[in-house]
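All ligand and atom numbering here is 1-based and tracks the order in the structure.
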Amino acid sequence: MTTLHTLGFPRIGAQRELKQAQEAFWRGESNVEALHTTARQLRQRHWLLQKGAGIERIAVGDFTLYDHVLDHQVLFGALPARFGLDVANLSTEDYFALARGNAQQPALEMTKWFDTNYHYLVPEFDRHTTFQLQPATLFNQLSEAQALGIPAKPVLLGPVSFLYLGKEKEANFDRLSLLTDLLPLYIDLLTQLAARGIDWVQIDEPILGLELDAAWQQAFFTAYQALAAQPCKLLLTTYFASVAEQLPLLKDLPIAGLHIDVVRAPAQLAVFTQQWPAERVLSVGIIDGRNVWRADLSQKLAQLKPAAGKFGQQLWLSSSCSLLHTPVDLAFETELDSELKIWLAFATQKLNEIKVLGRGLDHGEASIANELAASDHARDSRAKSPRVVNAAVRAARQALTTADGQRHSAYPQRAAAQKAALKLPLLPTTTIGSFPQTPDIRRARAAFKRGELDQHSYQQAMEQEIRFAVEKQLALGLDVLVHGEAERNDMVEYFGEQLEGFAFTRNGWVQSYGSRCVKPPILFGDVSRPTAMTVAWSQFAQSLTDKPMKGMLTGPVTILQWSFVRDDQPRRDTCLDIALAIRAEVKDLEQAGITVIQIDEPAFREGLPLQRSQWQDYLDWAGFAFRVSASAVNDSTQIHTHMCYSEFNDILPAIAALDADVITIETSRSDMELLDAFGEFAYPNEIGPGVYDIHSPRVPTEADIVRLLEKALAVIPASRLWVNPDCGLKTRGWPETEAALAAMLRATQQLRQRLANA
Ligand code: GLN
Ligand code: ZN
C-alpha cells in the first residue's frame with residue numbers, strides 16, 4: 001500500500017483566524033491565553049482535516065505563531081545575544097520581539113524562503129552562538145496531536161539547511177563551524193521524539209536543491225552520519241528544485257527515506273525511480289504545493305506507475321512541498337464562476353487528490369473512475385476555453401522588438417532632462433508609495449466592494465484620503481510626493497482586478513510573513529488592459545500640488561511572481577503580456593501630466609531560479625519585460641523602481657540593466673550592507689537606499705538616519721542619492737509615520753547643509 005503523507009499545512013486558517021488572533025494580541029486587545037487557544041484550535045482543525053482526508057502520516061511542528069525558522073532558533077536556543085533574552089524562559093512577548101523588534105532592538109532580518117513569497121526570519125550566527133535544546137513547544141504540539149489520535153510525523157528543519165539559511169554576524173567566521181555543536185542537540189531531540197512514540201521524522205533540507213559548494217555537501221555527509229546515532233527513521237525532504245545531481249550524496253546518507261519534488265522537477269522522477277534503493281522510502285511530491293491548478297489525475301497516475309512498480313510499499317505520496325504556499329479551501333469560494341472553479345484545487349482539495357492517486361495506485365484505475373473522469377473534464381474544459389486566449393495580445397507579444405525595451409536616450413541625457421524638468425534639491429526625499437491604511441480607509445473600500453457605498457461617495461472618500469496624505473507630505477516638506485495608495489488593498493490584486501485574464505478569490509489567502517497574508521490573483525488567461533487603471537487618482541493627487549506626484553504601478557515581474565500563474569504557457573510569455581499592459585498605463589500617466597512614475601518590482605529577485613545556471617535566462621526575459629513596461633516615455637519623465645527584502649548583491653548588473661532612473665531599495669535592516677555592493681559595482685543611475693525599517697514599530701532618530709546616510713554617501717555620490725524609507729508605509733500608523741518621516745527630513749537637512757558647506 002502506498003503511504004499518504006503531508007509535508008505541512010497552511011497555518012493561518014481558512015478565515016485567517018491566526019492573523020486576527022496575533023494582531024489582537026499585539027494591540028493588547030487579547031491575552032496570551034486567547035492567542036494560544038486560537039493557535040491550538042487551528043492546529044487541531046487542520047490535523048483532523050488531514051486525517052479525515054485519509055492522510056496517514058501528518059506533519060506536526062509545521063505550525064508556528066510567526067515563522068517556523070524563528071521557531072527553530074528557539075528550539076535550539078540560538079537567539080541573538082543583542083536581545084538579551086533567556087531562551088529557557090522565553091515569553092510570547094519575547095518571541096514576538098525577535099520577530100517584530102522592540103524599542104531597543106530591531107527585528108531579526110527577514111528574507112524570502114527560497115523562490116516563494118513566504119518570508120522567514122534569518123538566524124544570526126557568530127562565534128559566541130551556543131545551542132540549548134528547548135523542545136517544550138514542539139512536544140506540547142505533539143502531545144496535542146497524539147491525544148487526538150493523529151498519526152504524527154514531526155517536521156524539523158534539518159541542521160544543514162538551518163545553518164545555511166542563517167547569516168554570519170561577524171567577519172572571518174564560518175557558520176558551518178557550528179555544525180559540530182548543533183548535531184548533538186538534533187540527536188537528543190530525535191531520541192526524545194522516539195521516546196514519545198515517534199517512528200518517522202520529516203527533516204527538511206531544501207538547500208539540497210541549490211548548487212552547493214564542497215564544504216556544504218560534505219556537511220550533509222557529516223551531519224547525517226552523526227544522526228545515524230538516533231532511533232527515528234528520517235525522511236529527508238527536498239523541494240522547489242531537482243536534487244538528481246545530488247543522488248550519489250543522498251544515497252550515501254543513512255536516511256530511511258527521501259522526498260523529491262516532481263512538480264517543479266518532473267524529470268527527476270525517472271532518475272530516482274531507477275537509482276534510489278528499493279528498500280528505502282521514496283516520497284514523491286506529485287501534487288503542486290505552489291499553485292492552485294487542479295491536478296490532471298490521469299497524467300499524474302501514469303507518471304507515478306513506474307515508481308509504484310518499483311517501490312510498492314515504500315512509495316509515499318504527498319504534495320511537492322508544504323501546502324503552506326496554497327490557500328486553505330476552495331469551498332469558501334462561493335463567487336468564483338463554476339467553469340473556473342473546476343480548474344482549481346486549494347490545500348484541502350489537494351489532500352483529496354493525494355488520496356485519490358493513492359487509491360488509484362493501490363486498487364487500480366477502476367476504483368477512481370469517477371474522479372478521473374471529473375479531472376479529465378476539468379483539464380479539457382480549461383484547454384478549450386475561449387476565456388484563455390486573446391489573439392490581439394498574442395500578436396502584440398510576438399511583435400515586440402529589442403527597441404521596445406529601450407529608453408530613447410541613455411541615463412546621462414535623461415538625467416539632465418529630468419533635472420531641468422523636476423528641479424529637485426540635492427538628496428531628494430520621497431516615500432515608497434503607500435501611507436497608513438487607516439480603519440476608515442479599509443471600511444470605505446470594503447463598503448464600496450459590498451455595494452454599500454456608491455461610486456461617487458467612494459471616490460470622494462478616497463480623494464479625501466489622498467488630500468490628507470498630500471497635505472501631510474507638504475507639511476513634512478517631502479520633495480517627490482505620492483498619493484498614498486488608499487484605494488489599493490494589495491499592490492498586485494489592485495491591478496489584476498482591472499486587467500483581463502485574472503480571477504479573484506474571496507478567501508484565497510497565503511501567508512507572506514507573520515500575520516501578513518496575501519491573496520494572489522489567479523492568472524488564467526491572456527492578459528490585457530481594457531482601460532486606464534491609476535490615472536484618475538494620480539491626476540487628482542497632482543492637482544493638489546506643484547511638487548511632482550509620483551505615479552505608482554506594480555511591475556510585470558512582480559505581478560507575475562505574486563499571482564498564481566497559469567501553467568499552460570511559459571512564464572516569460574505571461575510576463576510580457578503583463579508588461580504590455582503596464583506600458584500602456586505608463587504612457588497614459590505621462591500623457592496625464594505625471595512626470596515621475598514608479599514601477600515597483602519587489603519580487604524581481606524572487607523570480608530567480610534556485611539554480612544559478614538558470615539565472616541568466618530568467619534575468620534576460622524578466623529584465624526585458626520590465627524595460628518594455630518602462631521605456632515608452634520621454635527622457636524627461638523619471639522612472640523609479642523599488643525593490644525590497646532580498647539580497648541584491650549578486651544581481652546588480654541585471655538591476656542596473658533595468659535602466660530605471662532611480663531605484664529605491666531596502667537596506668536599513670542590514671545596516672546598509674547592501675550599499676557596499678552598489679558602491680563597488682558603481683551603480684550608474686540614482687539610488688535611494690531605505691534609511692529606516694518600516695516593518696519595525698521603532699521610530700528612528702535623526703541621528704540613526706544621519707549615520708545611515710553617511711554610510712550611503714561613502715559609496716554613492718551625493719548627486720545620485722535619494723532619501724526614503726525602505727518600503728511602503730501602509731502597515732504603520734500616522735503618528736509613528738509622521739515622527740519617522742520628520743526625523744528623515746531633519747537628517748536630510750543636516751546633510752544638505754553639511755554638503756553645502758563642504
Ligand atoms: N508602492 C508599494 C507600497 O508602498 C510598494 C510595496 C512593496 O514594495 N512591497 O506599498
Ligand atoms: Zn518594498
Using a 4.0 Å cutoff against the non-hydrogen atoms of H642, which atoms of ligand 1 qualify? 8 (O)
From E606 atom CD to N117 atom CG, the distance as rounded to the nearest 0.5 Å: 4.5 Å
Heavy-atom pairs closer than 4.0 Å: do any link ligand 1 to the side chain of M491, the backbone, both, or neither? side chain
Are F25 and F96 an aromatic pair by the rule of ring centers under 6.0 Å? yes
Heavy atom to atom 2 (C) of ligand 1, shortest distance: which of D600, T731, T558, T431 holds it? D600
Any side-chain heavy atom of R445 within less than 4.5 Å of one from K449? no
Could you tell me whether some N/O pair between K730 and ligand 1 is separated by less than 3.5 angstrom? no
Per-atom contacts of ligand 1 with E485, taking only distances under 4.0 Å to non-hydrogen atoms: 1 (N), 2 (C), 3 (C), 4 (O), 10 (O)
Checking heavy atoms under 4.0 Å, the part of S434 that sits near ligand 1 is both
Where ligand 1 meets M552 - atom numbers and elements under 4.0 angstrom, heavy-atom basis: 1 (N)
Per-atom contacts of ligand 1 with G728, taking only distances under 4.0 Å to non-hydrogen atoms: 3 (C), 4 (O), 10 (O)
Do the ring centers of H325 and F240 come within less than 6.0 Å of each other? yes
Taking the Zn ion (ligand 2) as the vertex, how big is the angle to NE2 in H642 and SG in C727, rounded to 10°? 130°
Closest non-hydrogen atom pair between G508 and F346, with its separation: CA-CE1, 4.3 Å
When you compare ligand 1 with L729, is there at least one nitrogen or oxygen pair between them that comes in under 3.5 angstrom? no
Qualifying residue, where the test is side chain to side chain donor-acceptor pair (under 3.5 Å) with Q638 and the options are Q418, K419, R414: Q418
If we number the atoms of ligand 1 from 1 as shown, the ones under 4.0 Å from a heavy atom of C727 are 7 (C), 8 (O), 9 (N)
Closest non-hydrogen atom pair, R583 against V628: NH1-O, 2.9 Å
Whether R571 and D115 form a salt bridge (side-chain N of Lys/Arg under 4.0 Å from carboxylate O of Asp/Glu) is what I want to check. no
